[in-house]
Amino acid sequence: MATFQTLPGFREFYPEDLVRRNHIFRLWRQSANTFGFAEYDAPVLEPLELYTAKSGPEIEGQLFSFTDKGGRQVALRPEMTPTVCRLVGAKASALKRPIKWFSIGEFYRYERMQKGRGRCFHQFNADIFGEPGPEAEIELIALLIQCFSSFGLTEQDFHVRLSDRNLWFYFLAALGLDEARIRGVLGAVDRYEKYGDEAFKPYAEQFGPLEESHKARILAFLKINSLEAIERVLAEVESGANGSAAAGSMRARLADWRKLLGAIEAMGLTKFVTVDFGVVRGLAYYTGFVFEAFDRKGELRALAGGGRYDDLVEKLGGPALPAVGFAIGDMTFALLLEQRGLTPKFVAGPEVYCVIGGEAERLAAFGDIHALRAAGFRVDYPMKDLAFGKQFKVAAESGAKVALIYGSDELARGVVKLRDLTARSEVEVPRNEVAAAVRDFLTGA
RNA sequence: GCGGUCAUAGCUCAGUUGGUUAGAGCACAAGAUUGUGAAUCUUGGGGUCGCGGGUUCGAGUCCCGUUGGCCGCCCCA
């Protein structure tokens, strides 16, 4: 039947699908608003260079990119971060600090579909610009947790894994590794959870095998899961040979950790946060704390990810401006809600359904219908004459709480019957009091 | 880019070693029923059997190709 198919990986939202999507967006937006974040939006189509500048030309293979009629190389946006960096960078000196922004938008990546991943998806993005200290991370991690909790998800359902690329850099530098080797090790750490020792293979191929003592210490560092564990490692580094410079940086960094974890505890959110140095996040532009949200059962791919990217605004042509942000994808998140039975089921139907006798009664009903709608009530009625029995059935199935009955008997007496569709009881009200009676009924008066 | 698996009505699926005009349930619509509800009965609309080719007297069924879905690998901003 379908001559034209939906493009592979793209989604269509029928009304019942859009109900669920809107529910998700509504609570995300509400959470961001309660945290004082301002909403923005931006174009879906951007210059290709916006993405190749940040991630290199290889990225183009994963973009919906093409040349437009003006000869411009363009791409559908695969993420929000470069765009928001441009927006903020362009007006940085005029924006009130702290800059707390969020958006909800659709993104496109030319990829093969998998569970929880398609070629188009929506993301909630929240970012704070201009705040170099952990105060920004505190606010964002709290918001991330709220974006999940507001759906009824608990610490049984998800947690936020928190790590720190700064400490990783200081630590690996103390081992005497140069920057290229450090990035190689971080790549292995990123894959370690999935592949175990295999994860170090690419490093070995590029730089030769890792020294055994180094590897043991790296694996121990990877297993850090608490503030106390960080302190133990710090003591080791301080007693190490070329550790003195790195030890100073690590000691200073520990103050940020205390501030961050202290604030999370004060908010009562400790149960949602897991210190886990196995998280480093793949891309190189993160410069400090990084975090990812996962389902507790570990069945789904990442629900959300974020971290600090202090160099990116400047790299994209703006002023030097520290930044932290995170994004939640809608596909995996919807899967989690589905698994936990937390998706809403009902389309918002009418509150009032009008049962109409015939053409003469229809004209009488129209006056009330329009007045009720103008007063803000959701009102529906059959568009063609139907048997009364059928109309009551439709009224009941519509989800309406109340039916208004416009029959010839009633109108002859100057009244309308108001039927309580739940209790199946009726009262008569004078025609000029219909709006008031409906309001009283629906508000429980 | 690679691999596995699947594709019949809006949905879930039957369909015999290849054999008449491709079926059921649900859903939708009409009627029984121009004044009162989730029931019942009757009836109806809806299919190029994903698409293309091949084998055959004959293909939903067998073969090849292709497109698409799902799952995994690579990747994951």
Side-chain angles (χ1 to χ4, degrees), chain A residues 1-12 14-16 46 50-56 58-63 75-85 107-119 121 123 125 127 187 190-191 194-195 198 202 281-286 290 292 299 301-307 309 312 315-316 325-327 329 331-332 335 353-362 382 384-400 402-412 417-426:
Chain A
M1 181 203 59
T3 310
F4 300 105
Q5 296 182 319
T6 315
L7 254 20
F10 282 76
R11 299 184 291 173
E12 292 169 312
Y14 283 83
E16 61 270 29
E46 292 277 15
L50 186 62
Y51 306 110
T52 52
K54 183 185 120 189
S55 310
E58 323 80 64
I59 197 72
E60 195 180 345
Q62 288 167 66
L63 295 176
L76 289 170
R77 61 184 182 191
E79 60 167 327
M80 195 51 123
T81 306
T83 300
V84 71
C85 284
F107 300 88
Y108 308 86
R109 296 178 188 176
Y110 199 87
E111 299 188 279
R112 197 87 175 141
M113 286 84 62
Q114 274 172 57
K115 191 172 188 178
R117 195 169 83 177
R119 285 184 173 181
F121 53 94
Q123 271 189 354
N125 275 262
D127 297 89
D190 191 36
R191 290 176 172 78
K194 202 165 178 183
Y195 299 105
E198 288 286 301
R281 296 198 51 80
L283 265 255
Y285 68 77
Y286 285 109
V290 288
E292 295 184 331
E299 293 170 347
R301 60 177 68 242
L303 293 156
Y309 50 98
L312 196 57
K315 198 176 274 181
L316 291 172
F326 72 84
M331 293 185 75
T332 305
L335 281 174
Y353 195 90
C354 295
V355 172
I356 299 169
E359 282 308 312
E361 291 77 23
R362 178 175 294 266
K384 284 183 282 191
D385 281 352
L386 284 178
F388 261 62
K390 184 77 83 180
Q391 291 191 56
F392 281 106
K393 190 173 166 183
V394 173
E397 287 172 351
S398 75
V402 60
L404 293 177
I405 302 166
Y406 292 86
S408 51
D409 301 350
E410 288 84 354
L411 292 181
K417 265 190 194 144
L418 188 156
R419 180 174 175 86
D420 182 334
L421 288 167
T422 313
R424 302 193 176 201
S425 61
E426 292 175 357

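Below, all heavy atoms of this structure are taken into account, side chains as well, without hydrogens, waters or symmetry copies. By convention in this document, chain letters (A, B, ...) are assigned in the order of the sequence lines, proteins followed by strands, and residues within each chain are numbered from 1. As the structure is a computational prediction, the values presented were derived from the model and not from experiment.
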Whole-Å distance separating the [atom1] atom of [X] from the [atom2] atom of [N]:
X      : N     : atom1 : atom2 : result
A/R109 : B/G1  : CZ    : C1'   : 19 Å
A/K393 : B/U33 : NZ    : P     : 16 Å
A/L386 : B/A30 : CG    : P     : 7 Å
A/M331 : B/C76 : CE    : P     : 19 Å
A/Q391 : B/A30 : CD    : P     : 12 Å
A/Y286 : B/C76 : OH    : P     : 13 Å
A/I405 : B/G35 : CD1   : P     : 12 Å
A/Y353 : B/A38 : OH    : C1'   : 16 Å

Considering residues at least two apart in sequence or located in another chain, which fulfil the side chain to side chain contact (heavy atoms under 4.5 Å, CB included) criterion with [X]?
X      : answer
A/A304 : A/L144, A/F148, A/A293, A/I328
A/E397 : A/K393
A/L335 : A/K115, A/L300
A/D385 : A/E359, A/R362

Please work out if [X] contacts a base, only the sugar-phosphate, or nothing of the nucleic acid, heavy-atom cut-off 4.0 Å.
X      : answer
A/S408 : base
A/P8   : sugar-phosphate
A/G9   : sugar-phosphate
A/G407 : base
A/Q123 : nothing
A/D385 : nothing

Query raised in the report: Any donor-acceptor pair under 3.5 Å joining the side chain of A/K417 to the base of B/U36?
Result: yes
Requested in this report: Could you tell me whether the side chain of A/R419 has a donor or acceptor atom within less than 3.5 Å of a complementary atom in the base of B/U36?
Outcome: yes
Could you work out the separation of [N] and [M] based on their [atom1] atoms and round it to a whole Å?
N     : M     : atom1 : result
B/U17 : B/C73 : C1'   : 39 Å
B/U61 : B/G15 : P     : 14 Å
B/G3  : B/G10 : C1'   : 33 Å
B/A14 : B/U56 : P     : 31 Å
B/A29 : B/U67 : P     : 39 Å
B/G50 : B/G68 : C1'   : 7 Å
B/C71 : B/C13 : P     : 15 Å
B/C64 : B/G4  : P     : 13 Å

Report summary line: Across all chains, not counting sequence neighbours, the salt bridge (charged side-chain N to carboxylate O under 4.0 Å, His left out) partners of A/R117 are A/E111
Report task. Decide yes or no for A/L63 and A/Y110: does some side-chain heavy atom of the first lie under 4.5 Å from some side-chain heavy atom of the second? Result -> no
Query raised in the report: Looking at A/R77 and A/E46, does any basic side-chain N land under 4.0 Å from a carboxylate oxygen?
Result: no
Query - From A/Y51 atom OH to A/E79 atom CD, the distance as rounded to the nearest 0.5 Å - result: 7.0 Å
Report task. Go through RNA chain B and write down every stem, that is, every run of at least three consecutive Watson-Crick or G-U wobble pairs with distances under 3.5 Å, as range with range. Result -> B:1-7 with B:67-73, B:10-13 with B:23-26, B:28-32 with B:40-44, B:50-54 with B:62-66
Query raised in the report: Which comes earlier along RNA chain B counting from the 5' end, the contact point of A/G389 or that of A/L63, where each point is its nearest nucleotide?
Result: A/G389
So which protein nitrogen or oxygen atoms get under 3.5 Å of nucleotides 72-75 of chain B's nitrogens or oxygens?
residue: B/G72; atom: OP2; partner: A/K115; partner atom: N; Å: 3.3
residue: B/C74; atom: OP1; partner: A/Y195; partner atom: OH; Å: 2.0
residue: B/C74; atom: OP2; partner: A/Y195; partner atom: OH; Å: 3.0
residue: B/C74; atom: N4; partner: A/Q114; partner atom: NE2; Å: 2.7
residue: B/C74; atom: N4; partner: A/R117; partner atom: NH2; Å: 3.2
residue: B/C75; atom: OP1; partner: A/R191; partner atom: NH2; Å: 3.3
residue: B/C75; atom: O2'; partner: A/Q62; partner atom: OE1; Å: 3.1
residue: B/C75; atom: O2'; partner: A/Q62; partner atom: NE2; Å: 3.2
residue: B/C75; atom: O2; partner: A/E111; partner atom: OE2; Å: 3.4
residue: B/C75; atom: O2; partner: A/R117; partner atom: NH1; Å: 3.0
residue: B/C75; atom: O2; partner: A/R117; partner atom: NH2; Å: 3.2
residue: B/C75; atom: N3; partner: A/R117; partner atom: NH1; Å: 3.1
residue: B/C75; atom: N3; partner: A/R117; partner atom: NH2; Å: 3.4

Report task. Name all residues meeting the side chain to side chain donor-acceptor pair (under 3.5 Å) criterion together with A/R424; count only those two or more places apart in sequence or in a different chain, and write none if there are none. Result -> none
Query - Nearest non-hydrogen partners of A/T6 and A/E12, listed with the distance - result: OG1-OE1, 3.1 Å
Report task. Go through the structure and list residues passing ring pair (Phe, Tyr, Trp, His ring centres under 6.0 Å) with A/F388, not counting sequence neighbours. Result -> none
